Amino acid sequence: MTEEKSLNFIEEIVEADLAAGKHKTIATRFPPEPNGYLHLGHAKSICLNFGLALKYGGKTNLRFDDTNPVTEEVEYVENIKQDVQWLGFQWSEELYASDYFPQLYEFAVKLIKKGLAYVDDSTSEEMAEQKGTPTTPGINSLYRNRSIEENLKLFQEMKDGKHVDGSKVLRAKIDMGHVNMLMRDPVLYRIKHAHHHRTGDAWCIYPMYDFAHGQSDSIEQITHSICTLEFVPHRELYNWCIEKLEIYPSRQYEFARLNMTYTMMSKRKLLQLVNENLVSGWDDPRMPTLSGVRRRGYTPEALREFCEKIGVAKRDNLIDIGLLEFCVREQLNKIAERRMVVFDPLKVVITNYPEGKTEWMPTENNTEAENGGIREMPFSRELWIEQEDFMENPPKKYFRLSPGGMVRLKSGFIIKCDEVIKESNGRVAELRCSYIPESRSGHDTSGLHVKGVIHWVSAHHAKEAEVRLYDRLFTTEDMNAIDDDFKNHLNPNSLKVIRKVFAEPELAKSKPGDKFQFLRMGYFCTDQDSTKEKLVFNRTVTLRDSK
RNA sequence: UGUCCCGUGGUGUAAUGGCAACACUGCAGAUUUUGAUUCUGCCUUUCUAGGUUCGAGUCCUAGCGGGACAACCA
């Protein structure tokens, strides 16, 4: 009865902690840096962090890791908040690392007083030299043995703006010979006379990640601080700070970030695509950003299901983008209303159908949905069908229209192709067909059995529209494995626009964000560029094709 | 040639010392007024070598392979 769902390794840790009474309730946080838009990798993290709190009855804070004013902007803050909510999560508190600047400063003073931090005048080049390599130990800085009093005075001066950018840093005094390079006297504070999106010009020194993140977790009493694998070496420093500062012991756990085939998940590179106009913006439907996939027509439900399916573990992974598409189709199949749109039109004239007559044919909006309902489509003498659905010399397994052959017009009639009219160049210009009046959908007494069923649109009633067909942004499966410029791997055919397609009239009512399945053509959503005068649809994902 | 993390079908993820399973993909077939959906079946798996144990994917050791680490980024 109760379906045992296995736990991921972080859930196991949480359950063990709860069982041992280590925590009464858990607290997690989602800590984006507001220097770009959220992408699918963040979705994994969001689902993990918020999901944990939801599952175990805790809370999740949204905390912006805004300790580097030169790359961070409010625009990003606003979009990140919107994306998290769109995904379906609500944070407990909206916080900023910059809220803690005064306290972080006091933490630094405390370290200095304990003889565990010092002001260093070395240049960044000198520091890099003294740092050593992963296999050779570093050497001590000339300034490492300054007195506590001098350090206190110098640090105060740094804060007071008495020193220029890059002239001094505050460093932890740990061990320049440590095997973990992050423990070789890491920089804690640097001078940046830069305007911060929240604190303005109040500060000219800013804490580094390692001196802000763990302390922020601690201040918020985060029980489980979950991050990606590249922070594993930071954990030692994370714990060092907590121990020396004698503050609440948040604990860090690391999982493997999401990698997907034919996809690039680096914020820096995505920014480059935006800046160089290789895409139309952060919300270009080809982008793996949440705003991109939203505009593409992906649903939050599909994304959450995807995150559930990929699991959480510590080994490097490369998820087939097909899995994401599967989740999107699975969801859209349930909710998207069906419509008919002809992309590559071929005129069909029903010679035995009266001119000027229109019949309204009822058709299901969605047989998969509970109460899908029906709508009516106009049927008349002149129709558009898909060029692809007619073949003059069909191969054996082809079961659509061919000369002398019959096909069912979905929710319409069975028609027979009597004559093919060609242009002088041999191109098929028009089909002359006859319809079987007794074959009307739902009232078929013709006794005919045709295997092929195709979509169609009444020529007189059709609405013109534009469709944008998207494909993968990159042509290389594993974009992490390339060693040349990632832009060499851009798919030149990632966007194909068809400026004029013929849509059934019902579509004129659609509004941006509406999701449809265009019968036999794929899942589409109405783009934000769409207007009453000019309808625009984005292809979200193709239909599975087992032809 | 250091430290740390990780090795289970094609791709992911489970199996918590006791019959290696689930999903996706792929390939067949059934149903279908969408060549969709749905349904059925099939293909394919524990990196290697030792050790512990009645019994090892799981524990230990070594090797091999992959990844991370030398920003005043996060």
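We name chains A, B, ... by the order of the sequence lines, and we start the count at 1 in each one. Here the structure is a predicted model, which means the values were calculated and not measured.
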Please state whether the phosphate of [N], meaning OP1 or OP2, lies under 4.0 angstrom from any side-chain nitrogen or oxygen of [X].
| X | N | answer |
| --- | --- | --- |
| A:R338 | B:U34 | no |
| A:R184 | B:G2 | no |
| A:R520 | B:G35 | yes |
| A:R190 | B:C73 | yes |
| A:K192 | B:C73 | yes |

Legend entry - Verdict with supporting geometry, A:K515 and A:E337, salt bridge (Lys or Arg N to Asp or Glu O under 4.0 Å): CA-CA 7 Å; A:K515 293 166 178 63; A:E337 292 202 351; over 6 Å; no
Legend entry - Nearest-angstrom distance, P atom, B:G50 to B:G55: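 Their P atoms lie roughly 15 Å apart.
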Legend entry - A:M377 and A:E506, any side-chain heavy atoms less than 4.5 Å apart: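 Not touching, per the 4.5 Å side-chain cut-off.
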Inset, instruction - Using both pair distances under 3.5 Å as the test, note the stems of at least 3 consecutive Watson-Crick or G-U pairs that include RNA chain B. - result: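 Output for stems: B:2-7 with B:64-69, B:10-13 with B:21-24, B:26-30 with B:38-42, B:47-51 with B:59-63.
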Inset, instruction - Using the closest heavy atom to pick a nucleotide of RNA chain B for each, name whichever of A:T71 or A:L409 lands nearer the 5' end. - result: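 Of the two residues, A:L409 wins.
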Legend entry - RNA chain B: 5'-proximal contact among A:E230 and A:F9 (nearest heavy atom):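 Nearest-nucleotide comparison on RNA chain B picks A:F9.
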Legend entry - Any N/O donor-acceptor pair, A:T135 side-chain to B:U1 base, under 3.5 Å: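 Donor-acceptor pair under 3.5 Å: no.
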Inset, instruction - Report the C-alpha distance between A:D120 and A:S141 in whole Å, list the side-chain angles of each, state the deciding distance to 0.1 Å, and finish with yes or no for side chain to side chain donor-acceptor pair (under 3.5 Å). - result: CA-CA 8 Å; A:D120 195 333; A:S141 162; 2.9 Å; yes
Legend entry - Ring centres under 6.0 angstrom apart (A:H234, A:Y209):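 Under 6.0 Å, so yes.
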Legend entry - Near-ring test A:F474/A:Y262, centroid separation under 6.0 angstrom: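 Between A:F474 and A:Y262, which both carry aromatic rings, the centre distance is not below 6.0 Å.
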Legend entry - Donor-acceptor contact present, side-chain A:E126 to main-chain A:T123, <3.5 Å: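 Checking the backbone N and O of A:T123 against the side chain of A:E126, a donor-acceptor pair under 3.5 Å is found.
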